[in-house]
Amino acid sequence: MQAKIAPSILAADFSEMGAAIRMIQSAGAGLVHCDVMDGSFVEPITFGGQMIKNIRPLTKLPLDCHLMVEHPKTQIKFFADAGADIITVHYEACKKISADYLKETLGLIRSYGVKCGAAVNPDVPVENIFDVFPLCDMIVIMSVFPGYGGQKFIPATLENMKKAREYAIRIGRPDLDIEADGGVTVENSAAIKAAGANVLVAGSAVFRSADPAKTIAELGR
Ligand code: DX5
Ligand code: ZN
């Protein structure tokens, strides 16, 4: 199956972000994956809505904002106003606040006319978010623990991707995007797509490649 490739700008040189966006766009990226980290849900801090605002005019590609933050609801307006096309939030952060927080946050994202999604970590069964599948445009299956680029793919997460795709089909949502996020390489991309992911995040695989266009083509094939 042909997959959409979402290079993660976490792997870019932030002082040259404009060039990075132009490079991935000309190399055939399908989306721009923007890894937002708050220094609390995950240790590092990356960037906020201002980065999205600055890169928005540089590309027509969908800006896929992955919020690795403790209180995602508080951030939605900043990313929606900045021009995000998709905002995904973590089940693990939401469930700490309340049973309904994830559903409420997804509804808030949609209220801005922005696509929404839920993300689960490698140690969380994707069944835990089956209840919000009908509310989502995309499901993010973390294939590394969030916080850093350049980590090794965790093969056990293929199971979550498979179950996510099977469930999406079962509820009549074959169009639901299933995104694999973390440690994606040309070597493991076939297994990831076979498991049912159709959006592949690739940070280091693209930004460390001598030929990003070739890498993106191979990842997506
Ligand atoms: C990790 C991020 C991933 C990561 C992907 O917390 O969500 O998007 O940056 O980078 P690679 O492809 O290098 O694992
Ligand atoms: Zn990510």
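Keep in mind it's a predicted model, so treat the numbers as computed, not measured. The basis for the numbers below is simple: all heavy atoms, side chains too, and nothing from hydrogens, waters or symmetry mates. One-based numbering, in listed order, for ligands and for the atoms of each.
- The nearest protein atom to atom 8 (O) of ligand 1, hydrogens excluded, is given as D181 OD1, 2.5 Å; this is a heavy-atom distance.
- Counting atoms of ligand 1 from 1 in the listed order, those under 4.0 Å from a heavy atom of H33 are 8 (O).
- Under a 4.0 angstrom heavy-atom cut-off, A11 registers as lying outside contact with ligand 1.
- At distances below 3.5 Å, at least one donor-acceptor pair connects side-chain atoms of R173 with backbone N or O atoms of C136.
- Of all atoms in ligand 1, numbered sequentially from 1 with element shown, those under 4.0 Å from a heavy atom of M142 are 7 (O).
- Of the inter-residue distances, the one linking C94 atom SG with I129 atom CD1 reads 10.5 Å to the nearest 0.5 angstrom.
- The distance from ligand 1 to the heavy atoms of G182 drops below 4.0 Å at these ligand atoms: 14 (O).
- Distance from atom 13 (O) of ligand 1 to its nearest protein heavy atom, with residue and atom name: S204 OG, 2.5 Å.
- Distances between N or O atoms of G183 and those of ligand 1 include at least one value under 3.5 Å.
- For D38, the salt bridge (Lys or Arg N to Asp or Glu O under 4.0 Å) criterion is met by no residue, not counting sequence neighbours.
- Listed for the S143 side chain is no donor-acceptor partner under 3.5 Å among the backbone atoms of G183.
- Salt bridge annotation for R170-E166: absent, with no cationic side-chain nitrogen under 4.0 angstrom from a carboxylate oxygen.
- With contacts defined as side-chain heavy-atom distances shorter than 4.5 Å, the pair I24/F207 qualifies.
- To the nearest 0.5 Å, atoms NZ (K115) and CG (L63) are separated by 12.5 Å.
- With rounding to the nearest 0.5 angstrom, the CG atom of D137 is 11.0 Å from the CG atom of D85.
- Taking every non-hydrogen atom of M37 and a distance limit under 4.0 Å, the qualifying atoms of ligand 1 come out as 6 (O).
- G147 N, 2.8 Å is the protein heavy atom nearest to atom 6 (O) of ligand 1.
- I141 has its side chain within reach of V126: a pair of non-hydrogen atoms, C-beta onward, lies under 4.5 Å apart.
- For the pair E179/V201, a side-chain contact is recorded, criterion being any heavy-atom separation below 4.5 Å from C-beta on.
- Listed by atom number, the atoms of ligand 1 under 4.0 Å from V201 heavy atoms are 8 (O).
- Protein-derived N/O/S atoms nearer than 2.8 Å to the Zn ion (ligand 2) total 4, waters excluded.
- The only option from T105, T88, I76 that meets the side chain to side chain contact (heavy atoms under 4.5 Å, CB included) definition with L67 turns out to be I76.
- If you check which protein heavy atom lies closest to atom 4 (C) of ligand 1, you get D35 OD2, 3.7 Å.
- Between V184 and ligand 1, a contact under 3.5 Å exists for no N or O pair.
- Between A202 and ligand 1, not a single N/O pair is under 3.5 Å apart.
- Short contacts between ligand 1 and P146, defined as distances under 4.0 Å to a heavy atom of the residue, involve ligand atoms 6 (O).
- P212 places a side-chain heavy atom less than 4.5 Å from the side chain of M23.
- For H66, a nitrogen or oxygen atom sits less than 3.5 Å from a nitrogen or oxygen atom of ligand 1, counting backbone and side chain alike.
- Side-chain atoms of S209 and D211 include no donor-acceptor pair closer than 3.5 Å.
- Protein heavy atom in closest approach to atom 12 (O) of ligand 1: G203 N, 2.7 Å.
- Residue contact annotation: Y148 has a non-hydrogen atom under 4.0 Å from ligand 1.
- Checked by distance only, ligand 1 and A205 stay at 3.5 Å or farther apart across all their nitrogen or oxygen atoms.
- Side chains of S8 and D35: a donor on one and an acceptor on the other come within 3.5 Å.
- Those atoms of ligand 1 with a heavy atom of G150 less than 4.0 angstrom away are 11 (P), 13 (O), 14 (O).
- Taken from OG1 in T157 to CD1 in I192, the straight-line distance is 7.0 Å, to the nearest 0.5 Å.
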